[in-house]
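Predicted model, so just to flag it, every value in this text is computed and none were measured. Indexing begins at 1, ligand by ligand and atom by atom, following the structure's order.
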Amino acid sequence: MQKLEMLYEGKAKRVYKIDREDAYLVYYKDDATAFNGEKKGVIEGKGAINNRVSNHLMSMLEEKGIPTHLIEEISDRETIVRKVTIVPIEVIVRNIAAGSLSKRLGLPEGTRLKMPVLEYCYKDDTLGDPMVNEYHILAMDLATKEELAKIAEYAFRINGILTEYLKDLNIELIDFKLEFGRTPGGEIILADEISPDTCRFWDSVTGEKLDKDRFRRDLGSVEEAYQEIIKRLMGV
Ligand code: 5GP
């Protein structure tokens, strides 16, 4: 599949037009950023790992009835995905307090929440992705009430599926961020990626962090953590 013009370059991926009306090509980079682009670096081999891990998880979700953008992995770092317009909301699900939730509410990291928490952030780098609620989303016309209901339903189902799957691999799913897209036909489907860049994964025995927090917090062994995740998920 030949890459035509580059449509968009994000922090971790590039999106290309291809010779197919209903699809794009996504290329996964090794570039890593944190704190809204303030911290920049490279995680060697990350692009290839995130591509494969995300596709592995998305195909599992598809099998369980969650519509996703995944069409076909065509190389180590490249995947053909369905064309969508991204709903400009980051959808975050949390099972255990960590990161910004711990900071905001004074809950020590590692505190189990009595039930999963759903949060939304408005995707806008210049504003630093501020948290919004359903009222803001409807008032700003970022999504319709029906779309938001679908998004919330999918987010909780995805949480259940991933939590169960990862538990068997001794990985605790602490929290994660999803993005959804609208197809030209108006269907809401899961887009973007699910990877150690977008999830917090803790070893359920040792508590070791196996995700991008190793980069964000300068914990060392960053590449090793990504490799450990692909090894546990895909045996490679
Ligand atoms: P927090 O709000 O605690 O920083 O992040 C919650 C979860 O969402 C974490 O798993 C984190 O990786 C993910 N997340 C939130 N915002 C972003 C973002 O802008 N980029 C990425 N890659 N992940 C995010």
Side-chain angles (χ1 to χ4, degrees), residues 8-15 26-43 46-47 49-51 53-54 57-58 69 86-113 116-133 137 142 151-152 154-156 158-159 161-163 165-166 171-181 190-204 207-219 222 225-226 229 233:
Y8 170 79
E9 174 147 25
K11 295 174 198 127
K13 298 189 284 294
R14 292 189 206 116
V15 179
V26 175
Y27 177 93
Y28 283 75
K29 305 189 285 185
D30 284 351
D31 296 352
T33 63
F35 313 120
N36 200 20
E38 262 173 56
K39 182 181 166 89
K40 288 192 176 70
V42 168
I43 302 174
K46 171 174 85 80
I49 291 175
N50 284 1
N51 184 38
V53 164
S54 186
L57 294 174
M58 287 216 191
H69 70 167
I86 293 289
V87 177
I89 305 169
E90 294 189 340
V91 179
I92 295 168
V93 182
R94 302 178 184 269
N95 298 305
I96 291 181
S100 70
L101 179 95
S102 288
K103 220 176 238 171
R104 198 174 345 113
L105 300 180
L107 287 176
E109 286 210 317
T111 309
R112 182 166 289 282
L113 300 164
V117 170
L118 181 66
E119 291 173 356
Y120 301 112
C121 293
Y122 175 41
K123 257 173 76 74
D124 186 317
D125 282 341
T126 56
L127 298 174
D129 297 342
M131 191 190 266
V132 289
N133 67 28
I137 294 170
L142 304 177
I151 286 172
Y154 287 153
F156 284 122
I158 291 167
N159 185 42
I161 296 165
L162 293 182
T163 299
Y165 171 71
L166 294 167
I171 299 167
E172 184 113 54
L173 181 60
I174 306 302
D175 56 32
F176 57 97
K177 186 260 301 179
L178 303 171
E179 293 185 27
F180 290 86
L190 179 65
D192 195 48
E193 66 180 282
I194 308 179
S195 73
D197 268 14
T198 63
C199 303
R200 284 196 172 94
F201 295 135
W202 292 2
D203 184 294
S204 38
E208 190 188 358
K209 293 178 175 42
L210 299 172
D211 55 59
K212 198 175 160 190
D213 271 350
R214 299 206 74 86
F215 168 79
R216 294 187 187 105
R217 302 179 186 189
D218 294 320
L219 300 176
V222 182
Y226 281 74
I229 288 297
L233 266 65

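Residue contacts with ligand 1: R216 is included, with a non-hydrogen atom under 4.0 Å away. At least one heavy atom of R94 sits closer than 4.0 Å to an atom of ligand 1.
Near D197, meaning under 4.0 Å from any of its heavy atoms, are these atoms of ligand 1: 12 (O), 21 (C), 22 (N), 23 (N). Against a heavy-atom cut-off of under 4.0 Å, F176 is close to the following atoms of ligand 1: 8 (O), 10 (O). Of all the atoms in ligand 1, the ones that sit under 4.0 Å from a non-hydrogen atom of G99 are 3 (O). Below 4.0 Å from some heavy atom of T198 lie the following atoms of ligand 1, by number and element: 10 (O), 12 (O), 13 (C), 22 (N), 23 (N).
In this structure, a donor-acceptor pair under 3.5 Å is present between the side chains of N95 and N159. Between the side chains of Y226 and D197, at least one donor-acceptor pair of N or O atoms lies under 3.5 Å.
The backbone of C199, and not its side chain, has at least one atom closer than 4.0 Å to an atom of ligand 1 (non-hydrogen atoms only; backbone = N, CA, C, O).
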So L142 and Y120, side chain to side chain contact (heavy atoms under 4.5 Å, CB included) or not? Walk me through it. CA-CA 11 Å; L142 304 177; Y120 301 112; over 6 Å; no
Stepwise, does the side chain to side chain contact (heavy atoms under 4.5 Å, CB included) test hold for I229 with I171? CA-CA 9 Å; I229 288 297; I171 299 167; 3.8 Å; yes
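For atom 16 (N) of ligand 1, the nearest non-hydrogen atom from the set E90, K11, E119 comes from E90. The closest non-hydrogen atom to atom 4 (O) of ligand 1, taken over K212, M131, R200, comes from R200. Closest to atom 10 (O) of ligand 1 by heavy atom, among V93, D125, D211, D175, is D175.
Protein heavy atom closest to atom 13 (C) of ligand 1, with residue, atom name and distance, is K177 CB, 3.5 Å. For atom 1 (P) of ligand 1, the closest non-hydrogen atom on the protein side is S100 OG, 3.4 Å.
A salt bridge is absent between K46 and E193; no separation between the charged side-chain nitrogens and carboxylate oxygens falls under 4.0 Å. Under 4.0 Å is where a charged nitrogen must lie from a carboxylate oxygen, and between K177 and D129 no such pair does.
The backbone N or O of D175 lies less than 3.5 Å from no partner atom in the side chain of R200, so there is not a single donor-acceptor pair. When atom types are taken as modelled, the side chain of R214 and the backbone of K209 share a donor-acceptor pair closer than 3.5 angstrom.
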